[in-house]
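Notes to accompany the following structure.
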Amino acid sequence: MLFNSFPFLVFFVIVSTLFFSIPHKFRWLLLLLASCYFYMAFIPVYILILFFLIVIDFFAAQFIEKSKGKKRKLFLLISILSTVGILFVFKYFNFFADNLTALAHFLDWNYPITYLNILLPLGLSFHTFQSLSYVVEVYRKKYKAEKNFGIYALYVMFFPQLVAGPIERPQQMLPQFYKKMHFDSARVTDGLKIMVLGFFKKIVIADRLAVTVNTIYASPQEYVGIPLILATIAFAFQIYCDFSGYTDIAIGSAKVLGFNLVQNFNYPYISQSVREFWRRWHISLSTWFRDYVYIPLGGNKVSTIKHYRNLMISFLLSGVWHGASWNFVIWGVLNGVYIIVQEMVSPIFTKISSLNIPLYKYLYKTGSILVTFMLICIGWIFFRAKDLNEALYILTHMHIGVVQWLKDVLRLRFFLIQDYTFKQGENGLGVTGDVLLITIFMVGVLLVYELLERKEVIKKLPSAAKWVLYIFFVLAIINLSVVHEVPFIYFQF
Amino acid sequence: MKYFFYKLAVFLSFIYVLQTLITYIFPLALPEEIKRFEGYLTMRPSPDIIYFGDSVIRDHNEKDMDKRGISDMLKDYYPEYTIASMDHMAYHANVYEEYVNYLTRNGYKPKFIVIPINLRSFSPEWDKRPIYQFEKEKLFLKYEGTGVYPLLNFLISFKVFNLESISENEFMNTPVYSGSKKIGIVKDFENSSYEKYNDQKMINKINYLYMYNLSKNHRKLVALKHIKDRLKRSGIDLVLYITPIDIETGDKFLKGDFRKQTTKNIQVIKDVLGDDVVDLSYEIAASDFNWKMYPNEHLKEKGRKRVAEKVAERIKNLLLSN
C-alpha cells in the first residue's frame, strides 16, 4: 500500500494503537505481521521471495559466527550469491539478455534469447542491501548474529522502511526491537510532524512538478530551450521531494512507534561539490557503497589511479543499482567522473583560497553551490530520460533561445516569455501558468523551511507559530493534492 | 497521553473549519458538466424540462437540414417551456441517478425529467469501460453540500474514493455473452481491428453490443428504478424512453436471434420500470440511423424528429393525466 493513501493511514493508526496497547514481548510479532500485511498489499506471492532471502541470510549469519577460517568465507559467499542472484534474476536478467542479443546480432550469431516476464518485487534493491550489510557485519565480527528468527525477519521487513529505505545497519536497527517503547507525546508529535512534512513534499511539490516533467520528458523532441531547462530543474526538485518525502514519512512513522531510522537526506542541494552532494543525498545508500565496495577496494589509501578506479567502480555500481538500463550506468559513471575531476582540480582552488582575495570565500561558496547543482541536474537528465538518445537531445537543445530569454527577462517582456515557454509542444508544460507559480511558491516555502530548520530556528519557534506552520502544511496537502496516482519514483528500484 | 489526543482533536478540528472556509471562498474546481448543470438549475425562470442523454441527443448527419439535437427539437412542441439539456457522450443511468439525487436533494422541481434508456449502455462495452464511469462527476454530485465536500479532492487523492472504479485489466477480462452463451471476453472484441469491414466483424460487433442477457439486478436498471422512485416521491414527472436501435440491421446479420434477445431485454426493462416506459426501440427505420461502420443509436434528422415527437406525446399524456 502507498504511504499517501487512506488504507495506509488506517493501517498506521491501527498498528500504532495496538503497538502501545499490547505487552512489550508481543510487539515485535505485531510489527512483523503488520509488515507482512503491508508488503502483501502489493503482490502477495512475492513475500515468498522476501522469506527466502530472510531464511538464507539468517542461517548464513549463524553459520558464519559458528565457523572458522575458509568456512566463514564460504557461507558469506553463499549469502552474497543468493542475494545478488535473486536481484539479478528479477532486475537485471532482461537487460543482460537485451545486450547479449545486441552483441549476438553484431557478431552474426544465432542466439536464442529468453526473456523473463516477471515484475520486480517492491523494494527488492533496498532489502537485499540491508540483508547483505547484516551478513557482512557478522562476518567482520562487528555484530553478533541475531538468534531470534522473528526479530531478524522484522529487521528486513520493518514496514516504514521496507520498500524504499533508508537502508539500515544491524547495529543501528536490531537492538531497537528489544527496547521497550513507551507512548511519549513529544516524540509522537515529532513523528507526526515529520510525516506531515513528508506528505507535503510528496503530494504538494513532487506530484505537481511531475505533471510538467512527465509532459516534457514524454516527448522532449517537441521542445527546445527553456522548457527543457525548466523540466530538468523541476525533476531535480521532484526527485528530491519525492524521495526525501517518502523517507520523512518512513522516519516519522517509525518515530511515532519509538524507532529511530537513519537520516537519509541532509539538504543535498546546498552542496558545494559533487562529493559533498553524495554525503547528503541518499546517505544510507552512499554509505553502503562506501563501506562495502569503496573501502574494501582500498578507498583512498591506495595510489591515485587505484583511488580513481575505486571511485569509478563504486559509482558505476551505484548507477547499476538504480536501474537496468544504460542511462543509469551513464549517470553513475558521470557522477564518478565529476568526483575524480573535482579531486584533480581542488588543489588549485585551495591555493587560490590561500591568497585571501576579498569576497572570494563568498563567491566561491555561491559559485560552487550553483555549479554543483547544475552538474547534478545534467546527471538527472540521464536518470529521467527514456533512453540515451532522448538524454542527448535534451542536453544539446537546452541552450537554444536562452540568450533571448535572458534579454526578455531583463526587459520585463513576460508576455513574450509566456508565449515561447508555455506554447511549445502539443501539451505545453502540462499545467497552466498559475498552477506552475503556486508549485514554485511551495518549493520556495520548503527551501525557507529547510533553511530555518538547519539553523535550528523551527525548534525554537513558539507553540502558536508551530501550529500555524503545520496547519499551513496540512491545508496545502488537502487543497493541492493531485487527483491521479503519481507513484513514488524510488519504488521502481 | 490524554493531552496529546486532546491537542490532536483540536488541531484536526481547526483544519476542518479552516478547510470549510477555504472551500467557501475558493470553491472546488467542478467538472464542466456540473457547472453547466448548476447554471441551469439557478436560471430564472428555472427549467421546466431537464433532458438527460448521451451522444444520441446531439449527433447529426452532415446532410441534415435541421442539425438540432432532440432536446432542441422538443422545444417546437413546448415553446412556452424552458428545456435544459444535460447530455454528454457515454452518459448513462448511474450518472443520471447522481444528477437526479442532487437536484431533488437541493429542492429543485422541474416539471419533467426526460431520460433515455440506451440498450447499448447495458453491454460490457459501455457498462464496464473505465473511461465511461464518470466517477469524478458522480462524486462531486453526491457530496456537494455535504460535510465531506471540503475534503473531496484530498479524499480522492488519498484513495478513499476511487476515480478508477474499473481497471483496464478488469474491463478487458469481462465476459461477453450472446444470450446465455459466453462467446469470449472484451479483449477479444476490443482488440479486433474494425477498420476493414466484413460481415463476420459486423456479427461480432452486434453480439458484443446488444446480445447480452439483461438481469433485473443490472446496476443501470437498479439506478433507473431508484430515479423513478425518487422523482415520484418528489412529485416530478419522469419520461423514460428506450432509445431506438437499428433492428433492420440486427435482423439482417443475426436473423431472428437479434430481435429475440433485444425483445427479451426490453421486457426485463419494462418488468422493472413499468409499462409506462416509452418503447421506441424498433421505431426507426435503418435509413434514419446515422452510423458509419457499425450500428449505433445515432440518428439523422428524421429519426431525431420522431423521437422528439414521441417524447412530446408522452409529456402531453402526463399533462392531461395531471
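Proteins come first, then strands; the chains are lettered A, B, ... in the order of their sequence lines, and each starts at number 1. Side chains included, hydrogens not; waters and symmetry mates left out as well; all remaining heavy atoms used.
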Please name the pair of heavy atoms, one in [X] and one in [Y], separated by the smallest distance, quoted to 0.1 Å.
| X | Y | answer |
| --- | --- | --- |
| Lys159(B) | Ser5(A) | CG-CB, 4.0 Å |
| Ser157(B) | Val482(A) | CB-O, 3.5 Å |
| Asn153(B) | Ser481(A) | O-OG, 3.9 Å |

Quick one: pull up [atom1] in [X] and [atom2] in [Y] and give me the separation to the nearest 0.5 Å.
| X | Y | atom1 | atom2 | result |
| --- | --- | --- | --- | --- |
| Ser185(A) | Tyr6(B) | OG | OH | 14.0 Å |
| Leu8(B) | Thr189(A) | CG | OG1 | 8.5 Å |
| Ser463(A) | Lys7(B) | OG | NZ | 6.0 Å |

* **Engaged part of Leu152(B) at the chain A interface, taking heavy atoms whose separation is under 4.5 Å** =>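 The answer is neither part of Leu152(B).
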* To do: Could you tell me which portion of Phe11(B) (side chain, backbone, both or neither) has an atom closer than 4.5 angstrom to a non-hydrogen atom of chain A?
  =>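 Interface part for Phe11(B): both.
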* To do: May I have the step-by-step check of ring pair (Phe, Tyr, Trp, His ring centres under 6.0 Å) for Phe199(A) and Phe158(B), ending in yes or no?
  => CA-CA 11 Å; Phe199(A) 283 120; Phe158(B) 263 69; 5.6 Å; yes
[atom1] of [X]: more than 12 outside heavy atoms within 6.0 angstrom?
| X | atom1 | value |
| --- | --- | --- |
| Lys142(B) | NZ | no |
| Phe472(A) | CZ | yes |
| Lys179(A) | NZ | no |
| Tyr37(A) | OH | no |

* chain B contact via Ile203(A) - side chain, backbone, both or neither, heavy atoms under 4.5 Å ->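 The side chain, not the backbone.
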* To do: Sort Tyr470(A) into side chain, backbone, both or neither according to what part of it lies under 4.5 angstrom from a heavy atom of chain B.
  =>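 For Tyr470(A), backbone and side chain are both near chain B.
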* Is there side-chain contact between Gln19(B) and Asn479(A), with at least one heavy-atom pair below 4.5 Å? ->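 They are in side-chain contact.
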* Sub-4.5 Å side-chain heavy-atom contact between Leu475(A) and Ile15(B) ->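 Yes - at least one pair of side-chain heavy atoms lies under 4.5 Å apart.
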* What is the ring orientation for Phe183(A) with Phe4(B), classed by angle as parallel under 30°, tilted 30 to 60°, or perpendicular over 60°? ->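 Geometry flag for Phe4(B) against Phe183(A): perpendicular rings.
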